[in-house]
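In what follows, a single structure is set out as structure tokens and then discussed.
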Amino acid sequence: MKYRFIPAFVMLLAGLVCCIMSIVQRWPVAYSMIALIIVLIVFYIIGQIAAQVVGKVAAEHEAMVKAEQERLEAEAEAKRLEEEARLAKEEEKKKEKKKEEMQADGAEEAPDSENSW
């Protein structure tokens, strides 16, 4: 939709060049009209092809940008999950360390409490 004016622009630009050339070359009017019609038709077709190519390239670019954004989001999510797993491991190690310290403290206190009887 954004590229719908490309064929008309190409066609009219080629028509302008054809008209200027026919005036400068002093072609007869009938010959100029035939040449102009042929030029307009040919360049309209060329403009249609150009519009299709530009539209396709733009669509592929948008798809590529979207895929890149999705890839970056997936990488960010993977890093976040990796960080959460690392933090969970650190938390688990801290809990184990506290548990070992409490067991060690409990083992030291137990003989003292037995001696106090």
State, to 0.1 Å, how close [X] and [Y] come at their nearest heavy-atom pair, and which atoms those are.
X: A51; Y: Y3; value: CB-O, 3.6 Å
X: F43; Y: V10; value: O-CG1, 3.6 Å
X: Y44; Y: P7; value: CE1-CB, 3.8 Å
X: S22; Y: S32; value: CB-OG, 3.4 Å

[X] and [Y]: same hydrophobic cluster, using ILVMFWY side-chain contacts below 4.5 Å?
X: V53; Y: I45; result: yes
X: I49; Y: V57; result: yes
X: L36; Y: I46; result: no
X: V39; Y: I34; result: yes
X: V29; Y: I37; result: no

> Residues two or more places apart in sequence or in another chain: which of them pass side chain to side chain donor-acceptor pair (under 3.5 Å) with E84?
Replying inline: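 E84 satisfies side chain to side chain donor-acceptor pair (under 3.5 Å) with R80 once adjacent residues are dropped.
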
>> Would you say that more than 12 heavy atoms from the other residues, nucleotides or ligands in this model lie under 6.0 Å from the CD of E83, or not?
In response: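 Enclosed: over 12 neighbouring heavy atoms sit under 6.0 Å from CD of E83.
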
> Around R26, counting heavy atoms of other residues, nucleotides and ligands shown, do more than 12 lie under 6.0 Å from its CZ?
Replying inline: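 Check fails, neighbour count at 12 or below.
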
One thing to verify: whether [Y] and [X] come together as a salt bridge, which I'm taking to mean a side-chain N less than 4.0 angstrom from a carboxylate O.
X: K97; Y: E100; answer: no
X: R71; Y: E75; answer: yes
X: E90; Y: R86; answer: yes

Nearest 0.5 Å please: distance from the [atom1] atom of [X] over to the [atom2] atom of [Y].
X: E73; Y: Q69; atom1: CD; atom2: CD; answer: 6.5 Å
X: C18; Y: I38; atom1: SG; atom2: CD1; answer: 9.0 Å
X: K93; Y: E91; atom1: NZ; atom2: CD; answer: 12.5 Å
X: Q48; Y: M11; atom1: CD; atom2: CE; answer: 10.0 Å

Is [Y] close to [X] at the side-chain level, that is, under 4.5 Å between some pair of heavy atoms?
X: K89; Y: E92; answer: no
X: I6; Y: F9; answer: no
X: E60; Y: K56; answer: yes

